[in-house]
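Got a structure here, written out as structure tokens. Questions coming.
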2 protein chains.
Amino acid sequence: MDQSLGQSRAITAGERAYQWTREAILSGRIPEGTFLEEKLVCDEAGVSRTPVREAFHRLAAEKFIDLLPRRGAQVRRVTAGELFETYEMRLLLELHGFRILCGKNIDIPAWLSEHLDRMEDPERVARVRAGDRDAIAEHAKMDFFFHFSFVKATGNSILIDLYTSLQPRHQRIAVSAVSLRPKRLEVIAPEHRTLLKALTDHDYDTAERTLRHHLRPDETVVSHLR
Amino acid sequence: MDQSLGQSRAITAGERAYQWTREAILSGRIPEGTFLEEKLVCDEAGVSRTPVREAFHRLAAEKFIDLLPRRGAQVRRVTAGELFETYEMRLLLELHGFRILCGKNIDIPAWLSEHLDRMEDPERVARVRAGDRDAIAEHAKMDFFFHFSFVKATGNSILIDLYTSLQPRHQRIAVSAVSLRPKRLEVIAPEHRTLLKALTDHDYDTAERTLRHHLRPDETVVSHLR
DNA sequence: CCCTCACCCTATGTATACACAGTGTATACC
DNA sequence: GGTATACACTGTGTATACATAGGGTGAGGG
């Protein structure tokens with residue numbers, strides 16, 4: 001195609017295909033259960049099938065899609081069972097992060113407060129509550145980023161990997177939760193503030209108590225996924 | 001890890017390439033740090049480059065190899081730092097499994113005792129102590145399988161996924177540990193028996209104490225990886 | 001009206017050809 | 001003798017052609 005343009009060759013075609021698809025799934029442009037056709041991604045990402053297929057295998061390993069032999073790539077659904085499991089694992093991994101952060105007196109990034117400011121921006125919140133799909137997907141990503149920051153601060157690369165692998169499932173759950181119960185936003189925001197303060201103060205007990213309440217499956221979402 | 005199941009299904013070329021490479025790495029036939037050439041796998045697995053490259057991307061996502069752009073696929077090394085992190089994560093995940101198994105009175109598979117019998121088979125142990133690379137790799141796989149069984153028994157599919165993703169790192173560490181300190185075998189075996197009994201008795205405290213001692217990095221291995 | 005079966009057609013699985021970057025080596029120069 | 005540079009070669013990155021399985025659609029029968 002247009003390889004001859006001499007653009008920054010740093011990004012390979014496979015990487016473009018991967019990022020486009022990953023973003024399309026995370027943003028909700030491609031709904032769960034959709035059979036993702038190679039040709040669609042080829043056209044959208046402007047690459048041939050080979051790098052697209054490589055991206056698909058990577059995305060399958062990362063639980064974004066299921067690769068059904070001779071059927072195609074299906075965007076993964078989150079079942080009710082997986083919802084419970086995801087919260088269970090998030091609690092396990094995040095609490096472990098908290099223990100390290102508090103125990104070793106590791107400081108958490110100062111800009112996290114500004115991140116919460118952006119999440120609570122009235123205009124953004126209004127769009128989310130209005131049901132704007134893009135805004136909801138963006139909110140879910142920011143929520144993940146917030147929690148991920150604590151895990152990242154521990155510096156444990158494997159913990160970071162494990163937690164990262166939860167993102168596809170987190171995204172679906174968070175989108176469902178905010179879509180079905182926009183009122184949750186009013187609960188989430190102050191809990192995030194409490195978490196941040198507790199960790200800044202190295203107050204593990206408060207952090208744990210808050211997180212245990214924060215990571216509780218919403219019955220409305222559960223029944224919706226059943 | 002399920003090496004013997006499902007021979008009858010129509011296995012794709014990509015799957016053959018994946019399994020051959022995965023097995024070659026786990027068995028130690030391809031040493032860490034090796035640049036894995038696509039052509040080699042093509043010849044060995046009897047497929048063309050396309051499915052091999054797909055397998056490589058999958059293996060990279062699973063942390064078996066690093067894909068260096070324009071350089072190739074390098075079999076991952078385990079650093080000293082990752083050794084500590086791996087033990088830390090194994091402890092976290094396995095203890096969580098133990099809590100569930102004991103708390104919910106879930107029974108663990110009865111055949112695990114026979115699995116330990118096979119691990120302690122004098123002939124096998126002799127080969128491991130003699131430094132037989134295949135026997136050592138096999139021992140490491142059996143060790144992983146033993147610990148994995150507890151995680152599997154919880155039925156939490158995400159926990160199972162997360163633990164599975166530790167296998168590449170576990171394998172390298174276990175092989176190093178047994179190679180450098182064959183004497184460890186005499187410590188490992190009784191600890192495995194203690195763990196199994198504690199879990200059969202739903203005695204979490206003993207299980208936790210034993211596991212905390214069991215999953216302790218060996219200083220010899222640590223300095224070897226540095 | 002619903003179910004079944006056969007056909008076609010589309011999308012996947014695989015191989016291969018070509019483009020090009022990175023590495024190694026040999027040669028020339030300092 | 002050591003270092004720098006140019007060139008060839010090897011192996012990866014990508015596109016594309018071809019084979020084939022699986023599903024959709026239509027007609028025919030119950």
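Throughout, protein chains are lettered first and strands after them, A, B, ... in sequence-line order, and every chain is numbered starting at 1.
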Original post:
Rounded to whole angstroms, how far apart are CZ on B/Arg71 and P on D/dC9?
Top reply: 21 Å

**OP:** Counting heavy atoms from C-beta on, name the nucleotide in D/dA15, C/dA15, D/dT12 closest to the side chain of B/Arg70.
**Re:**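 When the side chain of B/Arg70 is considered, D/dT12 is the closest of D/dA15, C/dA15, D/dT12.
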
**OP:** For the residue pair B/Phe148 and B/Phe144, categorise the inter-ring angle as parallel (less than 30°), tilted (30 to 60°) or perpendicular (more than 60°).
**Re:** parallel

Subject >> Atom pair distance, as rounded to whole Å: CZ in A/Arg49 and P in C/dA11 >> reply: 10 Å

Original post:
Quick one: do B/Glu15 and B/Arg58 make a salt bridge, cutoff under 4.0 Å?
Top reply: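 Yes, this pair counts.
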
Subject >> Nucleotide of C/dG13, C/dT14, D/dG13 approaching B/Glu38 most closely (side-chain heavy atoms) >> reply: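 Out of C/dG13, C/dT14, D/dG13, the nucleotide with an atom closest to B/Glu38's side chain is D/dG13.
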
Subject >> Length of the line joining A/Arg53:CZ and C/dA11:C1', which is rounded to integer Å >> reply: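 The answer, rounded to whole Å, is 10 Å.
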
Subject >> Candidate nucleotides C/dT14, D/dT14, C/dT23, ranked by approach to the side chain of B/Pro51 - the nearest >> reply: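 Among C/dT14, D/dT14, C/dT23, the one nearest the side chain of B/Pro51 is C/dT14.
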
Original post:
Ring centres of B/His147 and B/His214 under 6.0 Å apart?
Top reply: yes

Original post:
Just checking A/Leu36: base, sugar-phosphate only, or nothing, at a heavy-atom cut-off of under 4.0 Å?
Top reply: sugar-phosphate

**OP:** Assess whether atom NE2 of A/His224 is packed by more than 12 heavy atoms of other residues, nucleotides or ligands within 6.0 Å.
**Re:**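 No.
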
Subject >> Of B/Glu15 and A/Glu37, the one whose closest DNA chain C nucleotide lies more 5' >> reply: A/Glu37

Subject >> Donor-acceptor pair present, A/Thr12 side chain and D/dT14 base, under 3.5 Å >> reply: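 Answer no: no donor N or O sits under 3.5 Å from an acceptor.
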
